[in-house]
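Reading through the structure tokens given below for one structure.
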Amino acid sequence: MKRILAFIPAVVFLFLIPHASAQVSIAPSTVFISDATNVGTLYVSNRSDEAQEVTIEFAFGYPSSDDEGNLVMNYQDSVAFEKYALNEWVRAFPRSFILGPRQQQTVRFQVRPQSGIEDGVYWTRVKILANPQTAEIDMPAEEGITTRITFRFEQIIAAFYRKGNATTGLRIPQIDAVQQEGTLVLVPHLERTGNAPFIGSMTARLFDQQGNMVKERQGTTTAYFKEKRRIELDVNDLPPGNYSAVLSFETRRADMSPTDLVQSPTITETVRVTLK
């Protein structure tokens with residue numbers, strides 16, 4: 001009987017699977033490029049014992065949100081693409097290469113912006129695709145049919161280009177607060193100001209009527225345009241009553257240098273909540 005090969009590509013996201021992330025690593029986790037040099041650098045390391053075929057691609061997108069404040073990626077905003085996309089200006093050198101076992105490759109990004117662009121921050125997403133050269137696996141099946149699976153590993157990071165005077169900030173016209181069983185859900189409505197995305201951290205603190213802080217939680221956050229961001233506090237162990245929830249937004253993150261981030265004064269808003 002004639003044997004048939006069925007090729008089924010499998011894309012595995014590196015940041016989701018520990019084994020995959022051990023194959024190819026990248027640094028830094030975000031590329032920042034300024035108009036002082038128009039050049040950025042990325043280091044791609046092969047931590048495995050087999051050669052990897054690596055390709056660099058660009059896709060414009062940014063973190064947005066759904067109605068409940070959950071983070072979702074938006075790759076479909078054609079209006080934002082026309083105004084802020086870095087894709088047509090940035091080149092990667094090299095764009096594809098073979099990375100031997102335990103080797104590292106330096107990738108240079110060069111930005112050649114069109115003349116007369118406005119001050120501000122422009123961006124794109126960088127896709128690092130890696131295919132192990134020996135990763136094809138033949139899996140015999142019934143009736144002489146063989147399935148061949150080829151693994152492709154993918155990481156996606158952000159790349160930013162700062163031109164001239166960049167500013168950012170936030171307006172917070174509304175904060176939704178709802179108690180869901182033992183969880184207090186806070187959803188601030190964020191409106192970015194200035195000409196650069198707001199990139200930083202969001203901290204939620206809950207105070208009782210005596211002014212004592214009884215809960216605190218922090219996480220990273222972004223606001224590229226108008227977004228909602230969700231943060232939850234475990235209030236299962238708190239007695240019913242009136243509390244104050246204080247949300248603070250700062251342009252600082254543990255994984256990024258303050259010199260890379262467009263800075264803003266701390267923004268703080270308070271909402272009264274009643275726990276039942």
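Just so it is clear, the structure is predicted and the values come from calculations on it, not from any experiment. Note: hydrogens, waters and symmetry copies are ignored here, and every other heavy atom, side chains too, is used.
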Donor-acceptor pair, side chain of [X] and main chain of [Y], under 3.5 angstrom:
X      : Y      : value
Asn46  : Glu50  : yes
Lys215 : Asp234 : yes
Arg230 : Glu68  : yes
Arg47  : Ser25  : no
Gln155 : Val24  : yes
Gln179 : Glu181 : yes
Glu57  : Val126 : no

Closest contact, heavy atoms only, [X] versus [Y]:
X      : Y      : result
Tyr43  : Gln104 : CD2-OE1, 3.9 Å
Pro197 : Arg192 : CA-CD, 3.6 Å
Ser64  : Glu227 : OG-OE1, 3.0 Å
Ser96  : Thr55  : CB-OG1, 4.1 Å
Thr168 : Ala196 : OG1-O, 2.8 Å
Tyr224 : Pro63  : CE1-CD, 3.3 Å

Applying ring pair (Phe, Tyr, Trp, His ring centres under 6.0 Å), which residue pairs with at least one partner in residues 155-191 are found, sequence neighbours left out?
-> Phe32-Phe160
Within this structure, what is the [atom1]-[atom2] distance for the pair [X] and [Y], rounded to the nearest 0.5 Å?
X      : Y      : atom1 : atom2 : result
Ile199 : Thr220 : CD1   : OG1   : 10.5 Å
Asp77  : Lys83  : CG    : NZ    : 11.5 Å
Thr251 : Asp260 : OG1   : CG    : 12.5 Å
Ile231 : Gln218 : CD1   : CD    : 8.0 Å
Leu86  : Arg125 : CG    : CZ    : 11.5 Å
Thr37  : Gln110 : OG1   : CD    : 10.0 Å

Validation row: [X], [Y] side chains within 4.5 angstrom (heavy atoms):
X      : Y      : value
Thr193 : Leu170 : no
Phe207 : Val246 : yes
Arg229 : Ser65  : yes
Tyr122 : Ile117 : yes
Leu42  : Val31  : yes
Glu154 : Ile128 : no
Val39  : Ile33  : no
Phe249 : Leu247 : yes

Cluster check [X], [Y]: I/L/V/M/F/W/Y, side chain < 4.5 angstrom:
X      : Y      : result
Val271 : Val235 : yes
Tyr62  : Leu190 : no
Phe198 : Met202 : yes
Val185 : Leu71  : no
Ile172 : Val187 : no

Please indicate whether Arg253 has more than 12 foreign heavy atoms, meaning atoms of other residues, nucleotides or ligands, lying under 6.0 Å from its CZ.
->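 Atom CZ in Arg253 is packed in, count exceeds 12.
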Look at atom CG of Asp67 and say whether more than 12 heavy atoms of other residues, nucleotides or ligands are closer to it than 6.0 Å.
->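 No, not enclosed.
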Pair Tyr243-Leu184, side-chain contact (heavy atoms from CB on, under 4.5 Å): steps then yes or no | CA-CA 11 Å; Tyr243 294 82; Leu184 176 63; over 6 Å; no
Pair Gln133-Asn131, side-chain hydrogen bond (donor to acceptor under 3.5 Å, both in side chains): steps then yes or no = CA-CA 6 Å; Gln133 288 192 312; Asn131 295 284; over 6 Å; no
Looking at Trp89, Phe58, Tyr84, which hits ring-ring contact (aromatic ring centres under 6.0 Å, His included) with Trp123?
->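 Testing Trp123 for a ring-ring contact (aromatic ring centres under 6.0 Å, His included) against Trp89, Phe58, Tyr84 leaves exactly one candidate, Tyr84.
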Worked check of side-chain hydrogen bond (donor to acceptor under 3.5 Å, both in side chains) between Thr203 and Glu216 | CA-CA 7 Å; Thr203 303; Glu216 182 180 26; 5.6 Å; no
Return yes if a side-chain donor-acceptor contact under 3.5 Å exists between Gln174 and Asp176, otherwise no.
-> yes
Qualifying residues under side chain to side chain donor-acceptor pair (under 3.5 Å), relative to Asn165, sequence neighbours excluded =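 Listed in chain order: nothing, the list is empty.
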Could you pull out all residues at least two apart from Lys163 that satisfy salt bridge (Lys or Arg N to Asp or Glu O under 4.0 Å)?
->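 Residues passing salt bridge (Lys or Arg N to Asp or Glu O under 4.0 Å) with Lys163: Asp119.
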Could you walk me through whether Ser45 and Arg102 pass side-chain hydrogen bond (donor to acceptor under 3.5 Å, both in side chains), step by step?
-> CA-CA 7 Å; Ser45 301; Arg102 308 295 171 178; over 6 Å; no
Intermediate values then yes/no, side-chain hydrogen bond (donor to acceptor under 3.5 Å, both in side chains), Gln52 and Ser48 = CA-CA 9 Å; Gln52 304 278 340; Ser48 72; 3.2 Å; yes
Step-by-step side-chain contact (heavy atoms from CB on, under 4.5 Å) determination, Leu238 to Leu206 | CA-CA 11 Å; Leu238 295 180; Leu206 191 64; 3.7 Å; yes
Which is it for Leu233 and Thr183 under the side-chain contact (heavy atoms from CB on, under 4.5 Å) test, yes or no, and what are the steps along the way?
-> CA-CA 6 Å; Leu233 294 173; Thr183 301; over 6 Å; no
Would you check, one step at a time, whether the test side-chain contact (heavy atoms from CB on, under 4.5 Å) holds for Asn38 with Arg112?
-> CA-CA 7 Å; Asn38 287 352; Arg112 295 180 178 176; over 6 Å; no
If you measure from the Lys or Arg side-chain nitrogens to the Asp or Glu carboxylate oxygens, is any gap between Arg162 and Asp35 under 4.0 Å?
-> no
